[in-house]
There are 2 protein chains.
Amino acid sequence: MTKQQSTFQALSDPTRRRILRYLREGDLTAGEIAAKFTITKPSISHHLSILKQADLISDRRSGQNIVYSLNTTVFQDILKWFADFLGTEGPGGEGQKKGK
Amino acid sequence: MTKQQSTFQALSDPTRRRILRYLREGDLTAGEIAAKFTITKPSISHHLSILKQADLISDRRSGQNIVYSLNTTVFQDILKWFADFLGTEGPGGEGQKKGK
DNA sequence: GATATATTTAGATGTTTAGCTAAGCAAAGA
DNA sequence: TCTTTGCTTAGCTAAACATCTAAATATATC
């Protein structure tokens with residue numbers, strides 16, 4: 001699965017986008033995040049792992065808790081993808097590198 | 001289904017993103033698009049209808065053909081969504097309007 | 001080390017989705 | 001108006017996905 005695929009896939013779910021919005025405000029533990037939703041903790045945990053695989057968030061352990069935080073660099077990449085898209089480049093494949 | 005949801009959903013499929021890349025080069029008929037893929041025409045037609053519902057493309061009939069073209073304005077909206085995301089706004093809901 | 005708390009992993013289930021084939025609809029031309 | 005061409009709609013299947021409950025793991029505390 002290409003990097004872009006996993007990113008767009010991750011962003012396609014509303015629950016995951018909502019998690020990202022919360023994390024934009026500041027770091028949160030898995031439990032704190034789960035508390036904001038009505039779905040179960042395991043479900044949230046699953047969403048978190050998808051976001052993590054897509055490199056949109058990262059996690060670190062702090063005692064009993066696992067703290068999640070936003071990876072803004074990947075958002076920058078996506079932003080660039082869209083900007084390039086609206087530019088005047090050739091079609092090419094997913095992993096196109098252009099001028100870089 | 002919210003507008004953002006349909007947009008992200010539409011972008012989550014690699015075939016659909018590839019269609020968008022082709023259309024970025026210029027307008028194409030449904031047949032011309034389908035010819036670039038190995039999957040069947042009905043499948044492509046289905047993807048086109050999803051992209052259309054998400055307002056990422058538009059279509060018009062030209063004789064026997066149906067011509068598809070990219071709606072760049074929606075891409076601008078998405079670009080803005082990401083830019084806002086990396087900004088310093090409150091979490092709020094999907095359809096947030098901000099300064100507008 | 002036993003127990004409590006925080007979170008993840010495993011396994012099951014209902015729903016969504018991408019793909020197919022077959023049938024339908026619309027325009028063009030005989 | 002019958003046929004051909006271009007494309008979509010309908011109906012199906014298999015795979016993917018979101019969610020749940022139950023069990024497992026890891027850390028902290030007693």
Side-chain angles (χ1 to χ4, degrees), chain A residues 1-23 26-71 94, chain B residues 1-23 26-71 94:
Chain A
M1 201 197 226
T2 123
K3 173 148 185 149
Q4 293 199 347
Q5 178 55 18
S6 63
T7 308
F8 280 115
Q9 191 94 339
L11 288 170
S12 73
D13 185 89
T15 299
R16 291 194 287 264
R17 288 199 301 280
R18 196 173 141 201
I19 291 174
L20 292 173
R21 283 198 304 275
Y22 286 127
L23 288 177
D27 296 358
L28 290 172
T29 67
E32 287 170 332
I33 295 169
K36 296 174 180 294
F37 292 84
T38 54
I39 62 179
T40 62
K41 283 181 180 189
S43 296
I44 292 293
S45 183
H46 177 238
H47 284 304
L48 288 170
S49 90
I50 288 171
L51 288 169
K52 197 174 121 187
Q53 273 181 247
D55 218 40
L56 287 163
I57 62 175
S58 49
D59 64 339
R60 73 192 125 88
R61 180 172 277 277
S62 169
Q64 289 186 84
N65 303 307
I66 294 186
V67 180
Y68 284 91
S69 37
L70 202 62
N71 278 354
E94 289 278 283
Chain B
M1 200 196 227
T2 130
K3 173 149 184 151
Q4 293 199 347
Q5 178 55 19
S6 64
T7 308
F8 280 115
Q9 192 97 334
L11 288 170
S12 72
D13 185 89
T15 299
R16 291 194 286 265
R17 288 201 301 280
R18 195 173 141 200
I19 290 174
L20 293 173
R21 282 199 303 275
Y22 285 128
L23 289 176
D27 297 358
L28 291 171
T29 67
E32 287 171 331
I33 294 167
K36 295 174 180 295
F37 292 84
T38 55
I39 62 178
T40 62
K41 282 183 181 189
S43 296
I44 292 293
S45 185
H46 178 238
H47 283 304
L48 288 170
S49 91
I50 288 171
L51 288 170
K52 196 174 122 186
Q53 273 179 246
D55 219 38
L56 288 164
I57 62 174
S58 50
D59 64 340
R60 73 194 125 88
R61 180 172 277 277
S62 169
Q64 290 186 83
N65 304 308
I66 294 186
V67 181
Y68 284 90
S69 38
L70 201 63
N71 279 353
E94 290 277 282

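Hydrogens, waters and symmetry mates are skipped; everything else that's a heavy atom, side chains included, is used. The chains referred to below are lettered A, B, ... by the order of the sequence lines, with proteins before strands, and numbering in each begins at 1.
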Residue set satisfying side chain to side chain contact (heavy atoms under 4.5 Å, CB included) with A:T29, at least two apart, ordered chain then number -> A:E32, A:N65, A:V67

Residue closer to the 5' end of DNA chain D, A:K41 versus B:K41 (nearest nucleotide): B:K41

Write out a two-atom table: protein N or O, nucleotide N or O from nucleotides 13-19 of chain D, distance below 3.5 Å.
unit_1 : atom_1 : unit_2 : atom_2 : d
D:dC17 : OP1    : A:Q9   : NE2    : 2.4
D:dA18 : OP1    : A:R16  : NH1    : 3.2
D:dA18 : OP1    : A:R16  : NH2    : 3.0
D:dT19 : OP2    : A:H47  : NE2    : 2.3

The criterion is side chain to side chain contact (heavy atoms under 4.5 Å, CB included); which residues satisfy it with B:S45, sequence neighbours excluded? none

Who pairs with A:D27 by side-chain hydrogen bond (donor to acceptor under 3.5 Å, both in side chains), at least two apart in sequence or on another chain? A:R60

Considering residues at least two apart in sequence or located in another chain, which fulfil the salt bridge (charged side-chain N to carboxylate O under 4.0 Å, His left out) criterion with B:K3? B:D55

Contacted region of DNA chain C by chain A, from 5' end to 3' end of the hits, cut-off under 4.0 Å to heavy atoms, spans C:dT5 to C:dT9

Within residues 60-71 of chain A, residues whose heavy atoms come under 4.0 Å of DNA chain D: A:R61, A:G63, A:Q64

Which residues pass the side-chain hydrogen bond (donor to acceptor under 3.5 Å, both in side chains) test with B:K52, sequence neighbours left out? B:D59

Can a donor-acceptor pair be found, under 3.5 Å and without considering hydrogens, that links the side chain of A:R21 to the backbone of A:L23? no

Qualifying residues under side chain to side chain contact (heavy atoms under 4.5 Å, CB included), relative to B:I50, sequence neighbours excluded: B:A10, B:R16, B:H46

Atom CD of B:Q53 and atom P of D:dT8: how far apart are they, to the nearest Å? 13 Å

Check: B:R17 side chain, A:F8 main-chain N or O, donor-acceptor pair, under 3.5 Å: no

With sequence neighbours left out, what residues match B:S49 under side-chain hydrogen bond (donor to acceptor under 3.5 Å, both in side chains)? none

Suppose we screen for side-chain hydrogen bond (donor to acceptor under 3.5 Å, both in side chains). Which residues come up paired with A:S43, at least two apart in sequence or across chains? A:T40

Quick one: label A:T29 by what it contacts on the DNA or RNA (base, sugar-phosphate, nothing), any heavy atom closer than 4.0 Å. sugar-phosphate

